[in-house]
Amino acid sequence: MNDYDALRDYLKKQHLPEFVLTFDEIEAIIDASLPRAARRASWWDSLRSPQEKMPQREACLDGGYIATRQADGKSVKFKRIPRGARGATP
């Protein structure tokens, strides 16, 4: 699965500063199963290795959120990126 456009589009429509989605909810949004790698926190971590482009990370960032896999290993927290923060220079 390389297409996370549906997740990006879903995130763009959200207005909450942060919220949690289960893997099942994410799979319903993207209409596909997440890979086994999605169980690892590093797969979601938008701030880890930013030079390494990962389609799911890019979808989250393009949707305006930073994603963090939760300790339960079955859900992801999405936290809104402050306006102007992505790619902003001091």
Side-chain angles (χ1 to χ4, degrees):
M1 176 74 194
N2 291 331
D3 191 359
Y4 292 89
D5 289 349
L7 178 60
R8 179 202 61 212
D9 295 344
Y10 176 88
L11 293 172
K12 283 184 173 185
K13 295 176 185 174
Q14 303 311 303
H15 300 288
L16 294 170
E18 62 182 55
F19 60 93
V20 174
L21 293 174
T22 66
F23 286 170
D24 288 342
E25 291 170 323
I26 295 169
E27 289 175 340
I29 291 166
I30 65 173
D31 195 29
S33 296
L34 289 166
R36 292 177 108 192
R39 305 263 181 242
R40 295 193 313 258
S42 62
W43 196 81
W44 291 101
D45 189 346
S46 303
L47 303 178
R48 181 181 294 196
S49 303
Q51 72 281 3
E52 185 180 345
K53 301 297 182 196
M54 303 281 287
Q56 73 283 0
R57 293 180 191 172
E58 291 300 307
C60 294
L61 293 170
D62 290 346
Y65 285 85
I66 294 172
T68 307
R69 195 215 60 197
Q70 297 297 278
D72 66 7
K74 299 176 185 177
S75 61
V76 178
K77 180 193 276 186
F78 295 91
K79 185 173 181 181
R80 181 167 291 288
I81 300 169
R83 288 196 190 278
R86 185 167 188 217
T89 55

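For clarity, every value in this text was computed on a predicted model and none was experimentally measured.
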Looking at every heavy atom in both Ile66 and Ile81, which two are closest together, and how far apart are they?
CG1-CG1, 3.6 Å
Would a single hydrophobic cluster contain both Leu21 and Leu16, if residues Ile, Leu, Val, Met, Phe, Trp and Tyr are joined by side-chain heavy-atom contacts under 4.5 Å?
yes
Salt bridge (Lys or Arg N to Asp or Glu O under 4.0 Å) between Arg8 and Asp5: does it pass, once the steps are laid out?
CA-CA 5 Å; Arg8 179 202 61 212; Asp5 289 349; 3.3 Å; yes
First locate atom CD of Gln56, then atom CG of Leu61, and finally report the distance between them rounded to the nearest 0.5 Å.
10.0 Å
Minimum-distance pair of heavy atoms, taken over all atoms of Trp44 and Cys60
CZ3-SG, 4.3 Å
State the CG-CE distance between Asp45 and Met54, to the nearest 0.5 angstrom.
11.0 Å
Are Val76 and Ile26 side-chain neighbours, meaning at least one heavy-atom pair lies under 4.5 Å?
yes
So Tyr65 and Phe19, would you call those rings parallel, tilted or perpendicular, with 30° and 60° as cut-offs?
perpendicular
Going by the side chain to side chain contact (heavy atoms under 4.5 Å, CB included) test, name the single residue among Leu34, Asp9, Ile29 that passes it with Tyr4.
Leu34
Between Arg80 and Glu18, does at least one N-O distance fall below 4.0 Å, as a salt bridge requires?
no
At their closest point, which heavy atom of Pro35 faces which heavy atom of Trp43, and how far apart are they?
CG-CZ2, 3.5 Å
Distance-only polar pair, side chains of Asp72 and Ser75, donor-acceptor under 3.5 Å
yes
Phe23 side chain reached by Arg39 side chain, heavy atoms, under 4.5 Å
yes
Nearest 0.5 Å, please: how far is OG1 in Thr68 from NZ in Lys77?
7.0 Å
Decide yes or no for Leu11 and Phe78: does some side-chain heavy atom of the first lie under 4.5 Å from some side-chain heavy atom of the second?
yes
If every non-hydrogen atom of Asp62 is compared with every non-hydrogen atom of Lys12, which pair is closest and at what distance?
O-CE, 3.3 Å
